[in-house]
2 protein chains.
Amino acid sequence: MPRRDHMGPPWWHGRFRGHGYRITVAREAILDVLSQTEEHLSAEDVYLTVHKSYPNVGLTTVYRTLELLVHIGLVFKFDFGDGRARYELSEGPKGTRHHHHLVCTNCGRVIDYTDFIDDEIELLGRAEKGLSDKFNFRITNHLIQFYGLCDRCQKKT
Amino acid sequence: MPRRDHMGPPWWHGRFRGHGYRITVAREAILDVLSQTEEHLSAEDVYLTVHKSYPNVGLTTVYRTLELLVHIGLVFKFDFGDGRARYELSEGPKGTRHHHHLVCTNCGRVIDYTDFIDDEIELLGRAEKGLSDKFNFRITNHLIQFYGLCDRCQKKT
DNA sequence: ATGATAATGGAAACCATTTTCAATAGCAAT
DNA sequence: ATTGCTATTGAAAATGGTTTCCATTATCAT
Ligand SMILES: [Mn+2]
Ligand SMILES: [Mn+2]
Ligand SMILES: [Zn+2]
Ligand SMILES: [Zn+2]
């Protein structure tokens, strides 16, 4: 059941229309799932959740919709090394904050962190300008991940 | 034909032995290919190159060896979004410098850059300490990539 | 040189993601 | 509300990079 704050069309309808995309139940459902979790869902995860409320939405559509959402910048796609893509809303009504990830190379756990984001942002800003000048590369996005051992996995050795 | 600087065993033999791994022709050949290129090779790329000199080395072995090399930290494994893993020597005799990547989201081109590395290193140092304290996460590695449009791809629109 | 066993390669299996294609649904114009 | 155009969809099949199996071979400590 799609959740809209207080009536009125969901916040992302505008962006959809702007790109000439149609608004469908499958897309509503998928965006709804993404906006109601803190986790990093795989396509199948999304599919299974959507499937509970909308059994007639297929996995193919989930893949296609996620692709589309990534394309218009509503969703980030990550590779945490477990062989499947992971998705996360890039922004939201409640305002998902920009963050980066710690990835445990032993158990695969992924931790969100927002610490140092300000420092990072500043560095990224400088880097983006410098790299843009030097390579004439127009930067639109960045990825920062730390790899290592989470607390649980450190004890086991 | 494995290239050793001036006779004597290749520089990485020590690290191999330390992990209890055996030194084989396939492994020598694969490391040799990696140390002679500036590119970001896929497993198949490595296989095809190795195959010229050693037709009896199989693709399976290439995968296994790359996995092993990543495991002992001699090689970095990347996902640039083209559906296959890319590999790069993490260090070398001539000293491959630590660097990060610019990835063109349109044509897939990957550009190495070493600029801002000093600033990054400093930030990373602070971040690693802070994150280590806060999450008790032992950081061993990091990944930084910028996404955007390369010079060529900007003109085309 | 010998033996224990790590390493290998070819074929088959795996499995996340993509492609195909006929049926359906969204929506702008009536 | 109806129509018509076409974007979207789902099921099944295909794809393709990577892994698994297993009998054979090669490495290396002794
Ligand atoms: Mn996250
Ligand atoms: Mn590189
Ligand atoms: Zn862990
Ligand atoms: Zn490009």
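Residue numbers begin at 1 in each chain, while the letters A, B, ... track the order of the sequences. Predicted model only: the values in this text are computed from it and were never measured.
- As rounded to whole Å, 15 Å separates atom C1' of dT9(D) from atom CG of Leu66(A).
- Residues Cys150(B) and Cys107(B) approach most closely at SG-SG, 3.8 Å, considering heavy atoms.
- Closest-nucleotide positions on DNA chain D for Ala43(B) and Val57(A) were compared, and the one nearer the 5' end corresponds to Val57(A).
- The side chain of Leu59(A) lies closest to dT17(C) when the candidates are dT27(D), dT17(C), dA11(D).
- Remark: Asp79(A) does not engage Arg84(A) in a salt bridge, criterion side-chain N to carboxylate O under 4.0 Å.
- Summary of the strand contacts: Val25(B) and Lys77(B) both lie near DNA chain D, and taking for each the nucleotide with the nearest heavy atom, the more 5' one is attributed to Lys77(B).
- The listed nucleotides are dT8(D), dG17(D), dT8(C); the one nearest the side chain of Tyr63(B) is dG17(D).
- Just one of Phe78(A), Tyr113(A), Phe146(A) meets the ring-ring contact (aromatic ring centres under 6.0 Å, His included) condition when paired with His101(A); it is Phe78(A).
- At the heavy-atom level, Thr60(B) lies under 4.0 Å from base atoms of the strands shown.
- Hydrophobic clustering (side-chain heavy atoms under 4.5 Å, transitive across Ile, Leu, Val, Met, Phe, Trp, Tyr) groups Ile23(B) together with Val75(B).
- Between the CZ atom of Arg86(B) and the P atom of dG17(D) there is a distance of 10 Å, rounded to whole Å.
- Among the nucleotides dT8(D), dT8(C), dT19(D), the one closest to the side chain of Glu67(B) is dT19(D).
- When the C1' atom of dA26(D) is taken as reference, atom CG of Asn56(B) falls 12 Å away, rounded to whole Å.
- In this model, the phosphate group of dT8(D) is not approached by any side-chain N or O of Arg22(A) to a distance below 4.0 Å at OP1 or OP2.
- Out of dG17(D), dT8(C), dG9(C), the shortest distance to the side chain of Arg27(B) is found at dT8(C).
- When distances run from any side-chain atom of Thr65(B) to the nucleotides dT8(C), dT9(D), dT18(D), the shortest one goes to dT8(C).
- The distance from atom CD1 of Ile23(A) to atom P of dT24(C) is 23 Å, rounded to the nearest whole Å.
- Side-chain proximity of Tyr21(A) to the nucleotides dT8(D), dT18(D), dT8(C) is greatest for dT8(D).
- Checking dC27(C), dT17(C), dT8(C) against the side-chain heavy atoms of Thr24(B) singles out dT8(C) as nearest.
- When the P atom of dA16(C) is taken as reference, atom CG of Asp82(B) falls 19 Å away, rounded to whole Å.
- Under 3.5 Å, the side chain of Arg64(B) and the base of dG9(C) form at least one donor-acceptor pair of N or O atoms.
- As a whole-Å value, the separation of Leu68(B) CG from dA7(C) P is 7 Å.
- The separation between Glu44(B) atom CD and dT19(D) atom P is 14 Å, rounded to whole Å.
- As a whole-Å value, the separation of Tyr47(B) OH from dG9(C) C1' is 9 Å.
- Taking the six-membered ring where tryptophan is involved, the planes of His19(B) and Tyr21(B) are essentially parallel, since the angle between them stays under 30° and well short of 60°.
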